[in-house]
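Presented below is the structure to which this report refers.
Counting from 1, the numbers follow the sequence of the chain as shown.
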Amino acid sequence: KLTPGVVEENPVISSVQVAGIATSGLSFTGQTGRANSVLIDGVDNNDSSSNRVRPTISQEAVSEFQINRNGYNAEFGRASGGVINIVSKGGANQFHGNLYNYFRNERLDARSPFAGALQQDPPFRRNQPGFTFGGPIIKDRAFFFTAYEGLIRRESCFTSILFDPSILQPTADQQSLIDALIGSGAPSLAAQGRQLQALLTTAPDSPFPLNRNTFNLLASSNGAFPLIQTSSTGSVRLDYGLSEQDFIFLRGSLTNDSQHNIGVGGQFGPSSGFDIGSRDNTIVLGETHVFSGGASNEFRFQFVRNTYNV
């Protein structure tokens, strides 16, 4: 747990939310994830139309974070849940960086329990590459820090529409009636029983075209289907000390996200899938002035341009 009184958002709630509207995924004192507010470098990082969380920076670009559950200071607001305050990393007098890649592959994972009927494992490949690099521009005065993180998913989603073949057969009560008609000894009733059996059985060799078409539609919607996502997040931060009392920073962030076949899986066939494309641009300017006596003033300006297509 992150902090007392904070738990993961209930999956029952998150599963009925509009697809693609991401939240913090955290529940503060029973509130939903959309009741929270996320700040980065002191500026709002929420979508004003849906209160979803806009794309954040790479985890490797986070210097520190703060969790506020209640009793917020005057600088915080607009949240009935919690406030998550994130501070991005800045450069220093020495050059530092890292390079990484997290990956998964179906050849290294256990076989999916939903792929038992398939001859080979369906694709499941996930890569999360990234890097950070920062250092001085002017020693003791100007610094830079840049970070990138990607997410490349070439996975499979499974539909289980035909995993239970009983849905294609008459129910128990219907089958009892059919058996009674066929076993009645009367040719006309037996013929009606056989016809009723064929009418209530959805099969590829059914004498009824509608049943054959229904079976073919269900069969084509059953099995493994591709789930594709390509996402990239990058940020650059510049820090400059004007004097002993004045410091400014400029941060630019860009996120591109493309998802294909969202909403497919379980009892939802590929015809219910849809694509999501989003692009988020952020520019943040900040200035801090320290007055005599220890008092200070902070100024923040943010420009955001976000496009979201479904």
Inset, instruction - Say whether, by atom type as modelled, one donor and one acceptor occur between the side chain of Asn36 and the main chain of Ser27 under 3.5 angstrom. - result: no
Legend entry - Any donor-acceptor pair under 3.5 Å from Thr159 side chain to Ser221 backbone: yes
Legend entry - Gap separating the CZ atom of Phe103 from the CG atom of Asn127, nearest 0.5 angstrom: 8.0 Å
Legend entry - Gap separating the CG atom of Leu285 from the CZ atom of Phe303, nearest 0.5 angstrom: 13.5 Å
Inset, instruction - Examine distances only and state if a side-chain atom of Asp275 and a backbone atom of Asn261 form a donor-acceptor pair shorter than 3.5 Å. - result: yes
Inset, instruction - In sequence, state the C-alpha distance, the side-chain angles, and the governing distance for Glu106 and Arg111, and then conclude on side-chain contact (heavy atoms from CB on, under 4.5 Å). - result: CA-CA 7 Å; Glu106 72 272 7; Arg111 187 177 178 86; over 6 Å; no
Inset, instruction - Determine, using the 4.5 Å side-chain heavy-atom cutoff (strictly less than), whether Leu168 and Leu196 are members of one ILVMFWY cluster. - result: no
Inset, instruction - List in chain and number order the residues that pass side-chain contact (heavy atoms from CB on, under 4.5 Å) with Arg154, two or more places apart in sequence or in another chain; answer none if no residue qualifies. - result: Arg125, Ile152, Ile228, Thr230
Inset, instruction - Indicate yes or no for a side-chain donor-acceptor contact from Ser156 to the backbone of Pro123 under 3.5 Å, with no hydrogens or angles considered. - result: yes
Legend entry - Val264 versus Pro270, closest heavy-atom pair with distance: CG2-CA, 3.9 Å
Legend entry - Thr132 backbone acceptor or donor facing Asn98 side chain under 3.5 Å: yes
Legend entry - Cluster link Val284 to Leu39, ILVMFWY, side chain under 4.5 Å: no
Inset, instruction - Taking side-chain contact (heavy atoms from CB on, under 4.5 Å) as the test, write out the residues that go with Ser88, two or more places apart. - result: Asp41, Ile57, Arg237, Arg251
Legend entry - Least distance between heavy atoms, Ser58 atom then Glu149 atom: OG-OE1, 2.8 Å
Inset, instruction - Could you check if a side-chain atom of Arg126 sits within less than 4.5 angstrom of a side-chain atom of Gln128, using non-hydrogen atoms only? - result: no
Legend entry - Point-to-point distance, once rounded to the nearest 0.5 Å, from CZ of Arg54 to OG of Ser278: 11.0 Å
Inset, instruction - Begin with the C-alpha distance, continue with both residues' side-chain angles, and end with the deciding distance and a verdict on side-chain contact (heavy atoms from CB on, under 4.5 Å) for Phe301 and Ile283. - result: CA-CA 8 Å; Phe301 171 81; Ile283 298 176; 5.9 Å; no
Inset, instruction - Check whether any side-chain heavy atom of Leu254 sits under 4.5 Å from a side-chain heavy atom of Arg279, and report yes or no. - result: yes
Inset, instruction - Using atom types as modelled and distance alone, determine if a side-chain donor or acceptor of Ser272 lies under 3.5 Å from a backbone N or O of Gly269. - result: yes
Inset, instruction - Tell me, with the steps shown, if Asn93 and Asp140 meet side-chain contact (heavy atoms from CB on, under 4.5 Å). - result: CA-CA 6 Å; Asn93 273 330; Asp140 295 328; 2.6 Å; yes
Inset, instruction - Could you walk me through whether Tyr240 and Arg141 pass the side-chain contact (heavy atoms from CB on, under 4.5 Å) test, one step at a time? - result: CA-CA 6 Å; Tyr240 185 71; Arg141 182 173 290 270; 3.4 Å; yes
Inset, instruction - For Arg69, enumerate each residue passing the salt bridge (charged side-chain N to carboxylate O under 4.0 Å, His left out) test, keeping only those at least two apart in sequence or located in another chain. - result: none
Legend entry - Residue Gln66 excluded, over 12 heavy atoms near CD under 6.0 Å: yes
Legend entry - For Glu298, all residues meeting salt bridge (charged side-chain N to carboxylate O under 4.0 Å, His left out), sequence neighbours excluded: Arg300
Inset, instruction - Check for a donor-acceptor pair, side chain of Thr201 on one end and backbone N or O of Gln197 on the other, with a separation under 3.5 Å. - result: yes
Inset, instruction - Report whether Leu189 and Leu200 are members of the same hydrophobic cluster (ILVMFWY, side-chain heavy atoms less than 4.5 Å apart, transitive linking). - result: yes
Legend entry - Separation of Leu199 CG from Gln192 CD (nearest 0.5 Å): 12.5 Å
Legend entry - Any donor-acceptor N/O pair, Asn46 side chain to Val38 backbone, under 3.5 Å: yes
Inset, instruction - To the nearest 0.5 angstrom, please state how far the OG atom of Ser37 sits from the CG atom of Asp44. - result: 5.0 Å
Inset, instruction - Answer yes if Tyr148 and Phe143 sit in the same cluster of Ile, Leu, Val, Met, Phe, Trp and Tyr residues linked by side chain heavy atoms under 4.5 Å apart, and no otherwise. - result: no
Legend entry - Passing option when Thr56 is tested against Asp280, Ile84, Asn45 for side-chain contact (heavy atoms from CB on, under 4.5 Å): Asn45
Inset, instruction - Quick one: list whatever passes side-chain contact (heavy atoms from CB on, under 4.5 Å) with Ala198, sequence neighbours left out. - result: Pro207, Phe208
Legend entry - ring pair (Phe, Tyr, Trp, His ring centres under 6.0 Å) partners of residues 78-97, not counting sequence neighbours, each pair once: Phe95-Phe133
Legend entry - Exceeds 12 heavy-atom contacts within 6.0 angstrom, atom CD of Gln59: no
Legend entry - Side-chain heavy atoms of Phe291 within contact of Asn297, under 4.5 Å: yes
Inset, instruction - Going by the side-chain contact (heavy atoms from CB on, under 4.5 Å) test, name the single residue among Thr233, Asn281, Thr282, Asn306 that passes it with Thr255. - result: Thr233
Inset, instruction - Flag yes if Phe249 and Phe145 sit in one hydrophobic cluster, no otherwise; membership is Ile, Leu, Val, Met, Phe, Trp, Tyr, and two members link when side-chain heavy atoms are under 4.5 Å apart. - result: no
Inset, instruction - Could you pull out the closest heavy-atom pair between Phe158 and Pro122, with the gap in Å? - result: CZ-CG, 3.5 Å
Inset, instruction - Could you tell me whether a side-chain N or O of Asn222 sits under 3.5 Å from a main-chain N or O of Leu218, the two making a donor and an acceptor? - result: no
Inset, instruction - May I ask you to decide if the ring planes of Tyr100 and Tyr102 are parallel, tilted or perpendicular, using 30° and 60° as cut-offs? - result: tilted
Inset, instruction - Could you give me the CA-CA distance, side-chain angles and deciding distance for Asp257 and Gln229, then say whether side-chain hydrogen bond (donor to acceptor under 3.5 Å, both in side chains) is met? - result: CA-CA 7 Å; Asp257 189 15; Gln229 180 180 10; 3.2 Å; yes
Inset, instruction - Could you tell me the separation between the CG atom of Leu242 and the CD1 atom of Ile248, rounded to the nearest 0.5 Å? - result: 4.5 Å
